[in-house]
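Not measured: the values here are computed from a predicted model. All residue numbers in this chain count up from 1 along the given sequence.
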Amino acid sequence: MDIRHIRYFLEITRQGSISKAAKVLQMTQPPLSAALKNLEDELGVKLLERSARGIVPTRAGELLLQKGGRLVDETEQLTRELSRQGKGLSGILHLAVILPFAWAYLPRVLARFGDVSPYADVTLTDVQPETVTEGIRSGRLDIAIVATGAPEKLRTMYQDDMAVEPISKLSLSAVLPNRFQHAPKPITLDDLMEETWLLPSPSIRVPGITELMVDYWLENGLTLPRMKAVTSLQTTLPLVAADMGMSIMPPEIQQIAKTTVVTRHVDPPLPPLHVVALWSSQRELSDVGMKFIEVLLGPRAKRSR
C-alpha cells in the first residue's frame, strides 16, 4: 500500500466528500478519485460508499480508518526520527568519562550538546582507565573522554586504530583534610611532601595523574613522597576527609565535597592534566556521535574526521 493513498483515504473520510478533500489536499478531484480506486483495487475491497450523510467508510473502510490512522502517525514519527538521526539531532550516544575530572568540564559540554541535539539519548559511564580502550575497540563505547598527563604519548600508543584529540587542560589543586583549613593560600609544595599522597595505581593504557606527578617530582630533583594506591580518585575523598592522606584533583571537587575536605592551590603550580577525547578511527562514528565531537572540538572537528 502506498502511504499517500492511505492519507488520501483518511482525508476523504474526514471531509465526507472527495471534492472537499481534494481542496484540503491541494489537488484536483480526478487524481484523488483515481488514487482511491487504486487503493480499493489493490486491497480487493470497497472502502467508501455514498449515503445521505455523504461519503462514509464501509466496514472494511472502518478498519482501515482505525489502523491506517495509526500507521500514518507511526510513519510520520519514524520519518521525523530518521531525519533527526541523519542530522545528528537524535540517536544513542555511549559516552565514557573518568570522574571526578569530568566535573570540571562535562556539564558545560553536555548542555551545549543538548542544545544542538535535543533528542539524543546519552548513556554516561564512569570507567576505569584500564577498560577505556577495550570499550572503544569493541564498540560498547562510542567516545571516551579521559584525563592524561601525556597526550602525545597517548596519541602515539593508539595511532593505528584510534583518534586522540585534545580538548582542554585541567589545573590541579591539593585536596586536604580539614586540619588544613587554616593553611595559607596557596600552600607550598614543600609543606605537602611529608603527607601521604593518595593516587590511583599507574595505568599502562592511559597514563594519568600518578605518572604526571612522578615525572614532575623526578624532573625537579625532588624525593618522592609517601604514596598509597587508591582504586579511583572519587573513592579518595572519604579517605582524605578521615585524615588518612591527601590527593590532587581539579579545584571544582570542592563543589562536591563541600565542607568535608579543603582545597588549596599549590606553589609552585602543579603541572596540568590534559583532557582528550578518544574514539575508533576504524569505525565511522554515528551522526549523533559526530555532532558530539563537533561540540567538543569546534572547527577542529572537520580536520579530525
Any I248 side-chain heavy atom under 4.5 Å of M213 side chain: yes
Donor-acceptor contact present, side-chain R226 to main-chain E194, <3.5 Å: yes
Is any side-chain heavy atom of L64 closer than 4.5 Å to one of L39? yes
Are side-chain heavy atoms of R4 and F9 found at a separation under 4.5 Å? no
Tell me, with the steps shown, if D287 and K291 meet salt bridge (charged side-chain N to carboxylate O under 4.0 Å, His left out). CA-CA 6 Å; D287 291 311; K291 187 68 70 173; over 6 Å; no
So with a 6.0 Å cut-off around CZ of R205, is the heavy-atom count from everything else above 12? no
Would you call N178 and V261 a side-chain contact if the rule is heavy atoms closer than 4.5 Å? no
When you compare the side chain of T236 with that of M249, does any pair of heavy atoms fall below 4.5 Å? yes
State, with a plain yes or no, whether a side-chain heavy atom of L110 is found less than 4.5 Å away from one of F292. yes
Apply side chain to side chain donor-acceptor pair (under 3.5 Å) to H265 and S173, showing your working. CA-CA 5 Å; H265 293 300; S173 293; 3.3 Å; yes
Using a 4.5 Å cut-off on heavy atoms from C-beta on, say whether the side chain of M246 contacts that of L198. no
How long is the straight-line distance from CD1 of I92 back to OG1 of T123, given to the nearest 0.5 Å? 6.5 Å
Atom pairs and distances, side-chain donor-acceptor, residues 134-142, under 3.5 Å, sequence neighbours left out:
from	atom 1	to	atom 2	distance (Å)
R137	NE	D161	OD2	2.6
R137	NH2	D161	OD2	3.3
S138	OG	E134	O	3.1
S138	OG	G135	O	3.2
S138	OG	R140	N	3.4
S138	OG	R140	NE	3.4
D142	OD2	H94	N	2.7

Does the side chain of R155 come within less than 4.5 Å of E165's, by heavy atoms? yes
Do E130 and S203 have a side chain donor and acceptor closer than 3.5 Å? yes
Do the side-chain N and O atoms of E11 and Q15 include a donor-acceptor pair separated by under 3.5 angstrom? yes
Step by step, would you call I145 with V109 a side-chain contact (heavy atoms from CB on, under 4.5 Å)? CA-CA 11 Å; I145 304 177; V109 170; 5.5 Å; no
